[in-house]
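See structure below.
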Amino acid sequence: MKKRNTVLILGIASIIILASVQVFIIKGIWKQRNEMFALRY
């Protein structure tokens, strides 16, 4: 039971880390796109 709980916690933690990394990458892309639009117009 304890081993399953640790596996579950590790899985949830990895999912949270992946989601936060994706949000960080998307924010960086949005910033770059906004800068490109500012340069274009």
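Quick note: numbers below take in every heavy atom, side chains included, and nothing from hydrogens, waters or symmetry partners. On a predicted model such as this, the values are computed, not experimentally measured, just so you know.
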Exercise for review: Any chance you could pull the hydrophobic cluster mates of I16, using side-chain heavy atoms under 4.5 angstrom and chaining through other members?
Suggested key: L8, I12

Sequence neighbours left out, cut at 3.5 Å: what donor-acceptor pairs do the side chains of residues 27-39 make with other protein atoms?
none

**Study point:** Side-chain cluster (under 4.5 Å, hydrophobic types only) that F24 belongs to, other residues
**Key:** none

Study note, to complete from the structure: Sorted by chain and number, sequence neighbours left out, side chain to side chain contact (heavy atoms under 4.5 Å, CB included) with V21 holds for I17, I25

**Study point:** Members sharing L10's hydrophobic cluster (side chains within less than 4.5 Å)
**Key:** none

